[in-house]
Amino acid sequence: MQQKLLTPAELNKKMEGFSQNYFLVDVRKDRESFYAVPDDQIQKYWLCYSGIALNHIMDGDLEKAWEVIRSIPDEGQDRFLRIGLTIVHPEITWKELTDVINYLKEIKFPICSVILTAGRPSLLNGLQDISRIGPFLVRNKNLFIEDLKMLYEGECVEFIWRLCLAEYKYQQNELLDAEVLVSRTIKEFDRTSERRLLFSALYLQFKILFAQHKTVSVESFIKTLNDFSKEKGKAEFSLNIEAAYVLFSIYDGNTTIAAKWLENGAPDEFGDFNMLDIYRYLVKIRCYIITKNYAAVIALAERLRPLLEQGRRHMDLCEIDLLLAIAFYRTGKKEHAFECLARALKLARHGKYYRLIADEGDAVIHILIDYMKEKGQTDFLMRLIEMTRSMAILYPLYLKSQYTDGNTFTHMEIEILRLLEQGKTNEEIGEIFFISINTVKYHLKKIFAKLGVSSATQAIWTARVQKII
């Protein structure tokens with residue numbers, strides 16, 4: 001049944017509550033109504049310009065978005081609507097953004113309605129990719145804060161700077177500094193009820209703890225995110241929270257959750273493509289890698305690439321090329337893998353987002369080592385390999401495909417699986433084979449990696465299903 005179109009007056013009324021109780025996901029749901037607004041009514045219901053332009057941006061049709069923005073009268077209240085939409089357009093250059101902010105300073109009129117994250121779990125790589133300004137954050141704190149006051153209201157402007165700095169420190173692998181910074185922002189964003197910023201801060205805190213293998217539970221982390229967003233704004237965050245749960249479950253080798261999400265919860269790049277779903281698409285590419293659907297990896301990556309290039313989203317482009325390198329490497333296309341990796345390394349080095357590479361851990365460590373052997377050793381590569389090795393050791397099951405061929409299990413591994421099925425402990429298994437507990441654990445780690453699981457219970461169940469035991 002086709003949804004009834006809203007009138008221009010109804011849309012205009014909704015846009016009055018934009019960013020408080022009417023979010024980008026709601027604007028998206030009303031897309032057909034915005035596109036149906038007659039030309040002769042658009043100036044009367046002038047806030048409809050926003051919904052139309054924002055939907056074109058979400059469609060990835062950035063030129064149409066510019067056409068709408070440039071059609072807004074450059075006078076009176078319309079001027080500030082035009083300025084606000086110019087700021088959020090992905091193609092705006094740093095010079096254009098600086099010019100706009102300086103103009104707002106000159107007339108002493110802050111916009112104070114710019115959404116930094118659009119429900120994504122990042123500030124540096126939120127609605128816009130500002131990941132390249134890390135050095136500026138350090139050297140020009142006061143200037144950054146003064147500029148931010150033109151775009152964001154409230155007392156938390158300094159804490160936005162602090163969270164951006166924390167994300168930058170994390171990318172440089174300065175984990176302790178990042179942890180101190182983000183802990184302070186969480187308290188402030190919670191106190192001031194800044195949900196978008198709190199979401200980003202909580203996500204970063206979990207990544208920092210995860211990278212250090214501190215005692216964290218994916219389930220409790222997701223519960224925390226759901227608790228803070230369950231009332232106002234749930235629709236804005238829920239889809240990305242679900243994708244975050246899938247991503248961190250993949251690190252623990254839980255291929256079942258990834259497969260279920262791929263089938264029932266992942267965004268459809270062939271249906272209603274939406275630039276709001278960039279984070280979810282990147283998680284989906286990882287699920288394609290796990291299920292060995294490498295053609296889909298390439299198709300989705302190349303569907304995203306021109307849009308990311310158009311929007312100057314260098315951090316996302318780096319991630320796309322890194323995931324492509326993994327896919328090509330696993331299909332034996334080393335030359336293509338190295339081409340993608342070279343592009344990713346160039347972007348990572350320029351933007352100083354080293355952890356973007358390192359967080360791929362076991363999935364990328366062998367590619368980096370092979371690349372170094374062929375292209376030569378550099379201090380930059382050695383630093384990345386050291387960081388990546390740490391994640392590979394901590395999370396050996398990351399991006400492992402579910403095991404299907406029982407013939408390559410050793411006789412001892414199959415026997416250990418059978419003893420696990422019987423309820424034997426590690427100590428009892430060690431006594432039976434006359435080996436130490438550490439050696440038992442070593443064999444179990446290899447078994448878990450082959451099966452794509454993270455526990456003895458999962459190993460037994462998977463081995464039964466695949467008729468290994």
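Scope of the values below: all heavy atoms of this structure, side chains included, with no hydrogens, waters or symmetry mates. Quick note: residue numbers are just sequence positions, from 1.
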Between [X] and [Y], is there a donor-acceptor pair closer than 3.5 Å when you use the side chain of the first and the backbone of the second?
| X | Y | result |
| --- | --- | --- |
| N140 | L143 | no |
| Q128 | H89 | yes |
| E360 | L322 | no |
| N55 | V27 | yes |
| D129 | M315 | yes |
| W161 | L137 | yes |
| N274 | L276 | yes |
| D190 | I186 | no |
| Q171 | L356 | yes |
| R286 | L282 | yes |

Task: Sole candidate of I326, L324, L345 that passes side-chain contact (heavy atoms from CB on, under 4.5 Å) when paired with C340 - done: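 Exactly one pass, corresponding to L324.
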Open item on the list: With side chain to side chain contact (heavy atoms under 4.5 Å, CB included) as the criterion, how do D147 and L97 come out once you've worked through the C-alpha distance, each side chain's angles and the decisive distance to 0.1 Å?
Closed with: CA-CA 10 Å; D147 287 351; L97 180 59; over 6 Å; no
Any heavy-atom pair between the side chains of [Y] and [X] that's under 4.5 Å?
| X | Y | answer |
| --- | --- | --- |
| I72 | W46 | no |
| Y168 | K352 | yes |
| L341 | Y329 | no |
| I101 | I87 | no |
| N173 | L175 | yes |
| C318 | Y353 | yes |
| F199 | I241 | yes |
| K105 | K149 | no |

Around atom [atom1] of [X], are there more than 12 heavy atoms of other residues, nucleotides or ligands at under 6.0 Å?
| X | atom1 | value |
| --- | --- | --- |
| D379 | CG | no |
| K346 | NZ | no |
| E386 | CD | no |
| R184 | CZ | no |
| F380 | CZ | yes |

Could you pull out the closest heavy-atom pair between [X] and [Y], with the gap in Å?
| X | Y | answer |
| --- | --- | --- |
| A53 | A65 | O-CB, 3.8 Å |
| T378 | L381 | OG1-N, 3.1 Å |
| V68 | Y49 | CG1-O, 3.8 Å |
| I367 | F338 | O-CE1, 3.9 Å |
| M387 | R355 | CE-CG, 3.8 Å |
| T117 | S122 | CG2-O, 3.3 Å |

Strictly by modelled atom types, are [X] and [Y] linked by a side-chain donor-acceptor pair under 3.5 Å?
| X | Y | answer |
| --- | --- | --- |
| N226 | Y245 | no |
| N125 | R313 | yes |
| Y170 | D359 | yes |
| N293 | T291 | no |

TODO: Could you label the plane-to-plane angle of the F144 and F136 rings as parallel, tilted or perpendicular, counting under 30° as parallel and over 60° as perpendicular?
DONE: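 The rings of F144 and F136 stand perpendicular, inter-plane angle above 60°.
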Open item on the list: Consider salt bridge (Lys or Arg N to Asp or Glu O under 4.0 Å). Of K284, R303, R280, which one does E269 pass it with?
Closed with: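 With E269 as partner, K284, R303, R280 yield a single salt bridge (Lys or Arg N to Asp or Glu O under 4.0 Å), made by K284.
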Open item on the list: Determine whether the aromatic ring centres of residues F221 and F210 are separated by less than 6.0 angstrom.
Closed with: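 They do not qualify: ring centres at least 6.0 Å apart.
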TODO: Quick one: list whatever passes side chain to side chain contact (heavy atoms under 4.5 Å, CB included) with E16, sequence neighbours left out.
DONE: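 For E16, the residues satisfying side chain to side chain contact (heavy atoms under 4.5 Å, CB included) (neighbours in sequence not counted) are N12, K13, L47.
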Task: H213/Y395 under side chain to side chain contact (heavy atoms under 4.5 Å, CB included): CA gap, chis, key distance, verdict - done: CA-CA 9 Å; H213 208 236; Y395 303 102; 3.3 Å; yes
Residues [X] and [Y] bridged, charged N to O under 4.0 Å:
| X | Y | answer |
| --- | --- | --- |
| K260 | E263 | no |
| D26 | K14 | no |
| R305 | D316 | no |
| R343 | E339 | no |
| R31 | D272 | yes |

To the nearest 0.5 angstrom, please state how far the [atom1] atom of [X] sits from the [atom2] atom of [Y].
| X | Y | atom1 | atom2 | result |
| --- | --- | --- | --- | --- |
| T185 | Q205 | OG1 | CD | 8.0 Å |
| H366 | T388 | NE2 | OG1 | 11.5 Å |
| L123 | L204 | CG | CG | 9.0 Å |
| L397 | S455 | CG | OG | 10.0 Å |
| F237 | Y203 | CZ | OH | 14.5 Å |
| Q172 | R383 | CD | CZ | 6.5 Å |

Pairs of donor and acceptor atoms involving the side chains of residues 176-183, under 3.5 Å and at least two apart or interchain, shall be tabulated with distances.
unit_1: E179; atom_1: OE1; unit_2: Q212; atom_2: NE2; d: 3.3
unit_1: E179; atom_1: OE1; unit_2: K214; atom_2: NZ; d: 3.4
unit_1: S183; atom_1: OG; unit_2: E179; atom_2: O; d: 2.8

Open item on the list: Here's one to test your reading of the geometry: is the NZ or CZ of R330 within 45 degrees of the ring axis of Y294 and under 6.0 Å from its centre?
Closed with: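 The answer is no; the distance or angle limit is not met.
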Task: Criterion ring-ring contact (aromatic ring centres under 6.0 Å, His included) against H56, the qualifying member of W66, Y35, F34 - done: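 Only match with H56 under ring-ring contact (aromatic ring centres under 6.0 Å, His included): Y35.
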Open item on the list: The test is salt bridge (Lys or Arg N to Asp or Glu O under 4.0 Å); show your working for K223 and E219 and say whether it passes.
Closed with: CA-CA 6 Å; K223 183 180 184 303; E219 284 72 20; over 6 Å; no
